[in-house]
K.L.:
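After the structure tokens below, expect a handful of questions from me.
What you see below is based on every heavy atom in this structure, not just the backbone, and it leaves out hydrogens, waters and symmetry mates. Residue numbers run from 1 in the order of the sequence given.
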Amino acid sequence: MTKAAFIGLGVMGYPMAGHLAAAGCDTTVFNRTTAKADQWVKQHGNSRALTPRDACTDKDFAFICVGNDDDLRSVIYGGDGVLAGLSEGCTLIDHTTASAEVAREISAEATKRGIHFIDAPVSGGQAGAENGNLTIMCGGDENAFEAAESIMKIYGQRVMLMGPTGSGQLTKMVNQICFAGLLQSLAEGINFAQRAGLDTEKVFNVLSKGAAQSWQMENRAATMSAGEFDFGFAVDLMRKDLSICMAEARNNGSVLPVTALVDQFYQQVQMKGGNRFDTSSLILNLRE
């Protein structure tokens, strides 16, 4: 039986760990809020640990899904950290959306201990995590990826190695850059249609079959039109991700004018109290 640890039971991690347990993995979880870990154990069985180190002891794989670079370092390092618990030959898979820099840093530390590391941010949101059909973008050694691919496919519909360490995080940045711009355009289109007196349901039923089609249009046009913004990925998290994108752009010389502008629009949503609204809430800025 495969033995796994899962660190971080947030909106994404909770169901992802649940899929591992349902697939028959002996899964030990750790979460800073112990009540959430207790809830997970009550629902899925298996066990919880009091520290990341204890969760990762005697495991084949360890998975992490936390908030940001600082959260990641806090569970990785130290006497009670993940690296203190894992043994040589184990594989550490990080699903946090973080910087490519921290991915390379952790990979170097893991390699010193004979531990394989894969940076593996995900796309698909809460629904993708719950339904087990996430897209997983991986960076790391090819042999390590091949050994871990099958276990990630328990909750990933598409799992792909993008290149060396950090490539998964860089690919996720491209994802965030692309869909930030798409959401702003969709918000503007919906607002325009409504002010023009059009039936938005008919409008986007037609457009979703043409060149303007996107996942965001098919899944968020109706809810944005109705002013519903409770679909998982929060504005606060999106701004964190966009800050990572813009920092990396400064390093590699990229220019991100639309991304920088949309980040400002998300800041306006925060100022309206929409910190926990989902990312489609950009339309609120157009309804004043």
K.L.:
Would you say E109 and F117 make side-chain contact, with heavy atoms under 4.5 Å?
P.N.:
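Side-chain contact under 4.5 Å: no.
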
K.L.:
Does E201 CD have over 12 foreign heavy atoms under 6.0 Å away?
P.N.:
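Incorrect, the count does not exceed 12.
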
K.L.:
Once you round to the nearest 0.5 Å, how far does OG of S107 lie from NE2 of H116?
P.N.:
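If we round to the nearest 0.5 Å, S107:OG and H116:NE2 are 11.0 Å apart.
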
K.L.:
Show, in sequence, the C-alpha distance, side-chain angles and deciding distance for V258 and Q184, and conclude whether the side-chain contact (heavy atoms from CB on, under 4.5 Å) test is met.
P.N.:
CA-CA 9 Å; V258 173; Q184 178 62 25; over 6 Å; no

K.L.:
Given side chains that start at C-beta, do those of E248 and Q169 come closer than 4.5 Å, heavy atoms only?
P.N.:
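E248 vs Q169: side chains apart.
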
K.L.:
Same cluster or not: I283 versus L198, using hydrophobic residues (I, L, V, M, F, W, Y) connected whenever any side-chain heavy atoms lie under 4.5 Å apart?
P.N.:
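Yes, I283 and L198 fall within the same hydrophobic cluster.
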
K.L.:
Do L186 and L182 have side chains that approach each other closer than 4.5 Å (heavy atoms only, starting at C-beta)?
P.N.:
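Not in contact.
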
K.L.:
With side-chain contact (heavy atoms from CB on, under 4.5 Å) as the test, would you mind laying out the steps for V29 and N46 before giving the verdict?
P.N.:
CA-CA 8 Å; V29 298; N46 290 259; over 6 Å; no

K.L.:
Looking only at atom types and distance, does a side-chain atom of K172 sit under 3.5 Å from a main-chain N or O of V122, one as donor and one as acceptor?
P.N.:
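The answer is yes, because a donor-acceptor pair under 3.5 Å joins these two groups.
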
K.L.:
Measuring from atom CE of M217 to atom CG of N205, what distance do you get when rounded to the nearest 0.5 angstrom?
P.N.:
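Between atom CE of M217 and atom CG of N205 there are 11.0 Å.
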
K.L.:
Other residues, nucleotides and ligands only: do more than 12 of their heavy atoms fall within 6.0 Å of NZ on K42?
P.N.:
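Check fails, neighbour count at 12 or below.
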
K.L.:
Taking D119 for its side chain and G166 for its backbone only, find out whether a donor-acceptor pair lies under 3.5 Å.
P.N.:
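It does hold such a pair.
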
K.L.:
Closest approach of I177 and T259, non-hydrogen atoms and distance?
P.N.:
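For I177 and T259, the tightest heavy-atom pair comes out as CG2-OG1, 3.4 Å.
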
K.L.:
So, S254 side chain and N252 main chain: donor-acceptor pair closer than 3.5 Å or not?
P.N.:
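Pair absent, no side-chain N/O of S254 close to backbone of N252.
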
K.L.:
For a 4.5 angstrom cut-off between non-hydrogen side-chain atoms, does M16 reach L134?
P.N.:
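Sidechains of L134 and M16: in contact.
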
K.L.:
Could you tell me if Q268 and Q264 have a donor-acceptor pair between their side chains, going purely by distance under 3.5 Å?
P.N.:
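No pair is found: no donor N or O on one side chain lies under 3.5 Å from an acceptor on the other.
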
K.L.:
According to a hydrophobic-cluster definition based on side-chain heavy atoms being under 4.5 Å apart (Ile, Leu, Val, Met, Phe, Trp, Tyr only), do Y77 and V66 belong together?
P.N.:
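Yes: a chain of side-chain contacts under 4.5 Å links Y77 to V66.
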
K.L.:
Do I118 and V102 share a hydrophobic cluster (ILVMFWY, side-chain heavy atoms under 4.5 Å, transitive)?
P.N.:
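They do not share one cluster, since no chain of ILVMFWY contacts under 4.5 Å joins I118 to V102.
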
K.L.:
Kindly give the heavy-atom pair with the smallest separation between A84 and G79, and that separation in Å.
P.N.:
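Looks like CB-O, 3.5 Å.
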
K.L.:
To the nearest 0.5 angstrom, please state how far the CE atom of M173 sits from the CG atom of L242.
P.N.:
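That separation rounds to 11.5 Å.
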
K.L.:
Nearest 0.5 Å please: distance from the NZ atom of K240 over to the CG atom of D263.
P.N.:
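The NZ atom of K240 sits 13.0 Å away from the CG atom of D263.
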
K.L.:
Would F277 end up clustered with V11 when hydrophobic side chains under 4.5 Å apart are linked, directly or stepwise?
P.N.:
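Per the 4.5 Å side-chain linkage, F277 and V11 are not co-clustered.
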
K.L.:
Has D60 got a side-chain atom pairing as donor or acceptor with T2's backbone, closer than 3.5 angstrom?
P.N.:
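Not confirmed, D60 side chain does not pair with T2 backbone.
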
K.L.:
Under 6.0 Å from the CD atom of Q216, do we count more than 12 heavy atoms belonging to anything else shown?
P.N.:
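For Q216, atom CD is crowded (more than 12 foreign heavy atoms under 6.0 Å).
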
K.L.:
Nearest 0.5 Å, please: how far is CZ in F233 from OG1 in T279?
P.N.:
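Going from the OG1 atom of T279 to the CZ atom of F233 covers 7.0 Å.
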
K.L.:
Considering non-hydrogen atoms only, spot the tightest contact between T27 and A21 and give its length.
P.N.:
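Distance-wise, the nearest heavy atoms are OG1-N, 3.8 Å.
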
K.L.:
Which other residues belong to the hydrophobic cluster containing W215, where Ile, Leu, Val, Met, Phe, Trp and Tyr are joined when side-chain heavy atoms lie under 4.5 Å apart, directly or via other members?
P.N.:
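For W215, no cluster forms, as it stays isolated from other hydrophobic side chains.
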
K.L.:
Could you measure the distance from the CD1 atom of I106 to the CG atom of L92? Nearest 0.5 Å is fine.
P.N.:
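So the CD1 of I106 and the CG of L92 are separated by 7.0 Å.
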
K.L.:
Taking everything shown except K3 itself, do over 12 heavy atoms lie less than 6.0 Å from its NZ?
P.N.:
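Count not over threshold, so no.
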
K.L.:
Does any donor atom in the side chain of D69 or S99 lie under 3.5 Å from an acceptor atom in the other side chain?
P.N.:
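Per modelled atom types, D69 and S99 side chains form a pair under 3.5 Å.
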
K.L.:
Which atoms form the tightest heavy-atom contact between A180 and L282, and what is the distance?
P.N.:
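That closest heavy-atom pairing would be O-CD1, 4.3 Å.
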
K.L.:
Would you say the side chain of C90 lies within less than 4.5 Å of the side chain of K59, judging by non-hydrogen atoms?
P.N.:
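SC-SC contact between K59 and C90 ruled out.
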
K.L.:
At their closest point, which heavy atom of W40 faces which heavy atom of A17, and how far apart are they?
P.N.:
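Shortest heavy-atom separation between W40 and A17 comes out as CZ2-O, 3.4 Å.
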
K.L.:
Can F229 and V269 be said to form a side-chain contact (heavy atoms from CB on, under 4.5 Å), step by step?
P.N.:
CA-CA 12 Å; F229 310 115; V269 175; over 6 Å; no

K.L.:
Would you sort out whether D241 and Q176 count as a side chain to side chain donor-acceptor pair (under 3.5 Å), showing the intermediate values?
P.N.:
CA-CA 7 Å; D241 289 2; Q176 303 306 75; 2.8 Å; yes

K.L.:
What residue pairs, at least two apart or across chains, pass side-chain hydrogen bond (donor to acceptor under 3.5 Å, both in side chains) with a residue in residues 220-234?
P.N.:
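side-chain hydrogen bond (donor to acceptor under 3.5 Å, both in side chains) check on residues 220-234 returns no pairs.
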
K.L.:
Using atom types as modelled, flag every donor-acceptor pair under 3.5 Å from a side chain in residues 142-164 to any protein atom, sequence neighbours excluded.
P.N.:
residue : atom : partner : partner atom : Å
E149    : OE2  : K153    : NZ           : 3.4
Y155    : OH   : H95     : NE2          : 2.6

K.L.:
Please list all pairs passing the salt bridge (Lys or Arg N to Asp or Glu O under 4.0 Å) test where one or both residues lie in residues 264-278, with sequence neighbours left out.
P.N.:
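Checked against salt bridge (Lys or Arg N to Asp or Glu O under 4.0 Å) - neighbours excluded - the pairs reaching residues 264-278 are K272-E288.
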
K.L.:
Test side-chain contact (heavy atoms from CB on, under 4.5 Å) on R32 and D71; report intermediate values, then the result.
P.N.:
CA-CA 10 Å; R32 287 178 294 186; D71 293 332; 3.5 Å; yes

K.L.:
Testing V82, T96, I7 for side chain to side chain contact (heavy atoms under 4.5 Å, CB included) with L72, which one passes?
P.N.:
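Option passing the side chain to side chain contact (heavy atoms under 4.5 Å, CB included) with L72: T96.
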
K.L.:
If you define the side chain from C-beta out and look only at heavy atoms, does anything of R48 sit under 4.5 Å from N31?
P.N.:
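Counting from C-beta outward, R48 and N31 never come under 4.5 Å.
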
K.L.:
side-chain hydrogen bond (donor to acceptor under 3.5 Å, both in side chains) with T135: which residues, sequence neighbours excluded?
P.N.:
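side-chain hydrogen bond (donor to acceptor under 3.5 Å, both in side chains) list for T135, sorted by chain: empty.
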
K.L.:
Flag yes if F30 and F61 sit in one hydrophobic cluster, no otherwise; membership is Ile, Leu, Val, Met, Phe, Trp, Tyr, and two members link when side-chain heavy atoms are under 4.5 Å apart.
P.N.:
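No, F30 does not connect to F61 through the hydrophobic network.
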
K.L.:
Show me the pairs that pass ring-ring contact (aromatic ring centres under 6.0 Å, His included) and involve residues 164-204, at least two apart or across chains.
P.N.:
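Residue pairs passing ring-ring contact (aromatic ring centres under 6.0 Å, His included), neighbours aside: none found.
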
K.L.:
Shortest non-hydrogen contact from P121 to G168?
P.N.:
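Looking at all heavy atoms of both residues, the shortest contact is CG-O, 3.2 Å.
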
K.L.:
Below 4.5 Å, heavy atoms only, C-beta onward: do C65 and F6 meet side chain to side chain?
P.N.:
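In contact.
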
